[in-house]
Amino acid sequence: MPELPEVEVVRSGLAPALVDATVSAVTVHDARALTRHPGSVDDFEQSLRGAHVVAVCRRGKFLWMPFTPAGGSNAARAVVAHLGMSGQMLLRFSGAPVERHERIRLDIDHPHHGALAVVFADQRTFGSLALDPLLPTTDAAPGGFGADEATVPAQVAHIARDPLDPALDETRLRRLWARKRSAIKRVLLDQTVISGIGNIYADEALWGARIHPETPADALSARHVTRLLAEIRAVLDKALAEGGTSFDAQYVNVNGQAGYFAHSLHAYGRTGAPCHRCGRPIARVSFMNRSSHFCPSCQRMPRTR
DNA sequence: GCGTAGACCCGACTGG
DNA sequence: CGAACTCGGGTCTACA
């Protein structure tokens, strides 16, 4: 469930069940899901058993759950979750059968919802869970969506704030974009500049702003940048409202349900189909070892450099 | 030249 | 044979 809207769907689905819950058991089916955990599998299981979950937070495509350890006092660490290309967080009843591609299961007890299972399933294993220390944010603002505390996990510290974060530093963002000679699409995908945008929403936002994906970022006018930022926010908001983009059963919410935004796409995956603005066919080019979709007629490169 | 920062490629997987 | 909503480490280049 990879980009910001899909990850936010997961965050908001997990929060009611996980905030205030206590972890009763941890089952690691596949140690590859812990490649980003600094300690051993045993350390992961033992540190988490009996832990009390304080919040479910998100910045860009990263999720984290601050917790107080069994018998502990304050939340100094968090479970960091990244879904990679195919990760899912599923909420199941206690004792539910092992899911296809299930990598890790957390059994939890919630004061209102009772016993539940949180299942991390991941076909391609690019996703992971990890325990990570919480560090203060450099701007003293809350670490991300769903966070009250001004902290982020160490693994998330280098990730920029996302377009839906009120603490996003737009001045810094404009300055960074103005300095980059790389193609704007590449820059949109750089999570240290602005986070949460992946291949789908980069193509969609550039289509909406009528900007060619290979336009050098520093060639964009202030007006282009304003339009692009507005399109980014609009497409992410709309995708979130529609439950995210689901092409297949891979991208689902915590209850296994797909989102509807795939029906609203204008560029991504529409190779050869008529542009919804001008009717000319959407082009697909290979770019950075992945696909870029755009309208060659509506999205022109600027004439000057 | 050295050291550093930025840019970019590629591998890490499963499976339609 | 290799589509695919990911990330970061290694490596190369450019420059002070």
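Naming: A, B, ... by sequence-line order, numbering from 1 per chain. Side-chain atoms are counted along with the backbone in the values below, which use heavy atoms only and exclude waters and symmetry mates.
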For residues [X] and [Y], is any side-chain donor paired with an opposing acceptor at under 3.5 Å?
X	Y	result
A:Ser292	A:Lys185	yes
A:Arg49	A:Thr22	no
A:Tyr201	A:Glu6	yes

Measure from the side chain of [X], starting at C-beta and using heavy atoms only, and say which of [options] lies closest.
X	options	value
A:Tyr268	C:dC5, B:dT14, C:dG8	C:dC5
A:Arg32	C:dC5, B:dA7, B:dT14	B:dT14
A:Gln123	B:dT14, C:dG8, C:dC5	B:dT14
A:Arg284	C:dA4, B:dA7, C:dT6	C:dA4

Please determine whether a side-chain nitrogen or oxygen atom of [X] lies at a distance below 4.0 Å from atom OP1 or OP2 of [N].
X	N	answer
A:Ser182	B:dC8	yes
A:Lys61	C:dC5	no
A:His82	C:dC7	yes
A:Ser86	C:dT6	no
A:Asn289	B:dC9	no
A:His158	C:dC7	no
A:Arg181	C:dT13	no

Sugar-phosphate, base or nothing in reach of [X], heavy atoms under 4.0 Å:
X	result
A:Thr35	nothing
A:Arg36	sugar-phosphate
A:Tyr201	nothing
A:Arg100	sugar-phosphate

May I ask you to establish whether A:Arg11 and A:Trp64 are in a cation-pi arrangement, using a distance under 6.0 Å from NZ or CZ to the six-membered ring centre and at most 45° from the ring axis?
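Output no; distance or angle outside limits.
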
Any donor and acceptor pair, going by atom type alone, linking the side chain of A:Glu99 with main-chain N or O of A:Val119 inside 3.5 Å?
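No, the answer is negative, given that no donor and acceptor are paired below the 3.5 Å cut-off.
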
Atom [atom1] of [X] and atom [atom2] of [N]: how far apart are they, to the nearest Å?
X	N	atom1	atom2	result
A:Lys180	C:dA14	NZ	P	17 Å
A:Leu83	C:dC7	CG	P	10 Å
A:Leu176	B:dG6	CG	P	9 Å
A:Lys185	C:dT6	NZ	P	9 Å
A:Asp190	B:dG6	CG	P	10 Å
A:Met288	C:dA4	CE	C1'	15 Å
A:Arg290	B:dG11	CZ	P	16 Å
A:Gln191	B:dA7	CD	P	15 Å

Test of ring centre spacing under 6.0 Å for A:Phe294 and A:His212
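Ring centres of A:His212 and A:Phe294 closer than 6.0 Å.
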
Complementary nucleotide of C:dA4, counting Watson-Crick and G-U pairs under 3.5 Å
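Paired with B:dT14.
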
For C:dG8 versus B:dG15, give the span between their P atoms, rounded off to a whole number of Å.
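After rounding to an integer number of Å, I get 24 Å for this pair.
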
P gap between B:dC13 and C:dG10, integer Å
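Rounded to whole Å, the distance is 16 Å.
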
Transitive ILVMFWY side-chain link A:Phe145 to A:Val10, under 4.5 Å:
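A:Phe145 does not cluster with A:Val10.
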
When you measure only distances, ignoring hydrogens and angles, does the side chain of A:Arg124 come within 3.5 Å of the base of C:dA4 through a donor and an acceptor?
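For A:Arg124, whose side chain was compared with the base of C:dA4, there is a donor-acceptor pair (under 3.5 Å).
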
